[in-house]
Amino acid sequence: MSTVALNSSKTMLTPKTRIGAGILAFGDQLLISGTNFITMVLMARGLGSAADFGVFVLVYSILLFANSLQSALVTQPHNVLGATRHGDDYVRYTSSTAVNQLVLTLTLAAFVLVAWGIGLAVGWASATMLLAMAGTIVTWQLHEFSRRVLYTENRIPTAVVVDMVAYGGQTLAIFTWWWSDALTGVLALLSIMVASALAAVIGFWQLRGSLAWGYDASAMKENWHFGKWLAAGYIVGNWLSSQFLIFVAAGLLGTWAAGVLRASHTVFGPMRILAQSLSTTLPTRLVKTLHSHGVSGFRREVRKTFLFLIPMFAAYCILVATFSKSILLLAFGEAYSAYDNLLQVYAISAFIGYICIVFSANLRATQRTRQIFLCELCSTLVVVPLSAMLVPMWGVYGVVVGMIATDLLLMGLLYKAYQLTLHKLTTNELSQVGHQYTLIPDSLTINTARSLVQGEEITCR
C-alpha cells in the first residue's frame, strides 16, 4: 500500500463510510466473540468433566494474559498514537512497533517453554498443552497485531477477512475434533495456532506498504509511556483481582471450580461482543473527536455511548439471570445446570464490568493510562484480601462476590478520574483561547470561547 493510499485510508472517511465501518467493526467483534463462545462450549462438552475443562481453562488463561500485555504495550498504543500520524512518520512508527511486537511475543513464548520444561520435570500429565501454547502465543499475537494495525488504518473490511480466516478456521477445526470425539486441549491449541498463522500471513501481506526496514527507538519510548500503566493495570486490576481468584479457587476447591467459573464467563460472551468492540474502536474514535471537535464534542460522544449501551447491558444481564438454569443446561449440559444461582450472581459482576470497560476506553483516548492503573491498584488492594477470605467461607460464590466488590469500587474510581480529566481538558482548552485571543470582551461566554478553539463561526450581536 503506497503512502498516499495509506494517508487516504486513514483520513478520508465520510459520515456514511464511518457508519459502514462501525457496522463492520461490530460484525468483526461478533465473529470473534461468537467463535470464542462456540469454542468454550465445545471444550466444556468435549472434555467430559468440569475438572478437565478447568485444566484447559487454566492453561488457556496464559494466552489471555499474553494478549493483555500485547494490548497494553503494543496494539492499544498504536490505535491511539498511530491514528494521527501520516506518511513516512506513520510507516516508521508502525515498523518500529512491529519490531517491539516480535520481541514481546518471543519473550512470552520463551517463558511458556520454560514452564513446559518444569512441567515435564515434575511429571505434570498436561504439560504437553504448555508446549502447544508456546506456538499458539506466537501466531495468535502476530495475527492480533496485524488486525489491530488494520483498524488504525481504517481498513476494517480487510481486518474482517483476516479474522474470518483465524477465528473461522479454529472453530471449524475444533468442531471437527469434537464431532469425531477426539477433542483434547492440545488439539484445540494446535488448531488455534495453525489458523492464526494463516491469518497472520495474510494480515502482514496486506500491511506490506505500512512496514519498512529500520527501527526508531522513540516509538518504543512513546508506546512504553502510553502502555506501561495499562499493562500494570491489567496485571493488578484484571489478573490479581479476578483471574488470580480463579486460580485460588482451583487450588482450594479443585479444577472444577475454574471450569464452572469459565462456563459462567462464557455465557456473557455475546454481550462482550459489544464491550470488546468498544474497547478496540472507541479510543480511536474519541481521540479523533477530541482533536476535531474539542472537549464538548468528546463529552457528547461519551454521553451518547453510555445512553446507547447501558440499557442493552442491563437487559442482557437480566435475561441471563432469569433463565440461568436453562441457559447452562442448553449450552454446557446437565453437569453445569446446578450452578444457576452462581450465574445469577455473575450477571451482576458482568454488568458492572461492562461499564468499567467504557470508562477505561474514555481515559485511554485521552492517554490517562496512569490514572487507569491507579484506579485498578486501589480497587485491587482493598478487595483482593477480602476475596481471599471469601473463597474458603463461601466457596466458588466467594470468587464472584469478590469480583463484584472489585468492579464496584473500580467503577467509582474510574468515574472520578473521568470527571477530573474532563475538567483538565476544559481548562487547557480555555487556556489556549487566552493565548490566541489576548483581548476578549467581558461578555464572551465560556461556550463562545470553546467555539473559538473548535474553529466554529461566531456571529457578534
Side-chain angles (χ1 to χ4, degrees), residues 1 6 10 28 32 62-85 88-113 133-156 158-159 162-163 165-167 192-235 238 276 279-281 283-284 364 367 369:
M1 186 177 185
L6 177 61
K10 290 180 63 185
D28 188 32
I32 296 171
I62 298 173
L63 184 63
L64 300 180
F65 178 76
N67 191 46
S68 296
L69 292 181
Q70 176 194 27
S71 179
L73 297 175
V74 180
T75 56
Q76 286 192 44
H78 192 280
N79 286 152
V80 174
L81 301 178
T84 56
R85 295 174 183 264
D88 293 337
D89 181 41
Y90 174 80
V91 172
R92 181 170 54 252
Y93 170 73
T94 301
S95 302
S96 302
T97 303
V99 174
N100 298 339
Q101 172 67 81
L102 185 60
V103 171
L104 174 65
T105 299
L106 295 178
T107 301
L108 293 171
F111 277 115
V112 175
L113 287 175
M133 175 58 69
T136 303
I137 284 178
V138 173
T139 62
W140 175 291
Q141 291 215 336
L142 293 179
H143 156 241
E144 179 66 13
F145 175 82
S146 67
R147 69 176 292 270
R148 293 293 290 267
V149 173
L150 289 168
Y151 265 91
T152 302
E153 298 180 6
N154 293 317
R155 298 166 64 188
I156 299 178
T158 305
V162 170
D163 287 342
V165 173
Y167 292 98
I192 296 172
M193 181 181 70
V194 173
S196 297
L198 292 175
V201 170
I202 298 172
F204 274 90
W205 175 257
Q206 292 297 322
L207 293 174
R208 64 191 184 279
S210 304
L211 300 172
W213 292 107
Y215 183 76
D216 184 358
S218 64
M220 182 181 69
K221 294 178 181 178
E222 289 184 74
N223 289 351
W224 174 252
H225 178 73
F226 180 94
K228 61 184 178 182
W229 297 113
L230 280 180
Y234 278 129
I235 294 172
N238 185 23
Q276 294 301 330
S279 182
T280 301
T281 61
T284 302
R364 289 202 308 274
Q367 301 188 34
T369 53

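Contact check for Ser146 versus Val162: side-chain heavy atoms found under the 4.5 Å cut-off. Using a 4.5 Å heavy-atom threshold, the side chains of Asn223 and Leu73 count as separate. Using a 4.5 Å heavy-atom cutoff, the side chains of Leu108 and Val112 are not in contact. Contact annotation: the side chain of Leu207 approaches that of Leu150 to within less than 4.5 Å [non-hydrogen atoms, C-beta and beyond]. No side-chain heavy atom of Met220 sits less than 4.5 Å from a side-chain heavy atom of Val103. When side chains are defined from C-beta on, His143 does not count as touching Leu198, because their heavy atoms never get closer than 4.5 Å.
Tyr215 OH: more than 12 foreign heavy atoms inside a 6.0 Å radius.
Ser210 and Glu153 share a donor-acceptor pair across their side chains, judged by distance under 3.5 Å alone.
Checking each of Thr105, Asn67, Thr75 against Gln141 for a side-chain hydrogen bond (donor to acceptor under 3.5 Å, both in side chains) leaves exactly one that passes, namely Thr105.
Atom OG of Ser96 and atom NZ of Lys221 lie 12.0 Å apart (nearest 0.5 Å). Considering CG of Asp89 and OG1 of Thr94, their distance stands at 9.0 Å, rounded to 0.5 Å. Going from atom CD of Gln70 over to atom CG of Leu63 covers 9.5 Å, rounded to the nearest 0.5 Å. For the atom pair Thr152 OG1 and Arg147 CZ, the distance stands at 10.5 Å (nearest 0.5 Å).
Between His78 and Phe145, the ring planes lie perpendicular to each other; the angle is over 60°, past the 30° to 60° tilted range.
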Exercise. Any chance you could lay out the side-chain contact (heavy atoms from CB on, under 4.5 Å) test for Ile137 and Phe65, step after step, and finish with the verdict?
Key: CA-CA 10 Å; Ile137 284 178; Phe65 178 76; over 6 Å; no

Practice problem: Kindly determine whether Glu144 and Ser71 satisfy side-chain contact (heavy atoms from CB on, under 4.5 Å), including the steps that lead there. | Solution: CA-CA 9 Å; Glu144 179 66 13; Ser71 179; over 6 Å; no

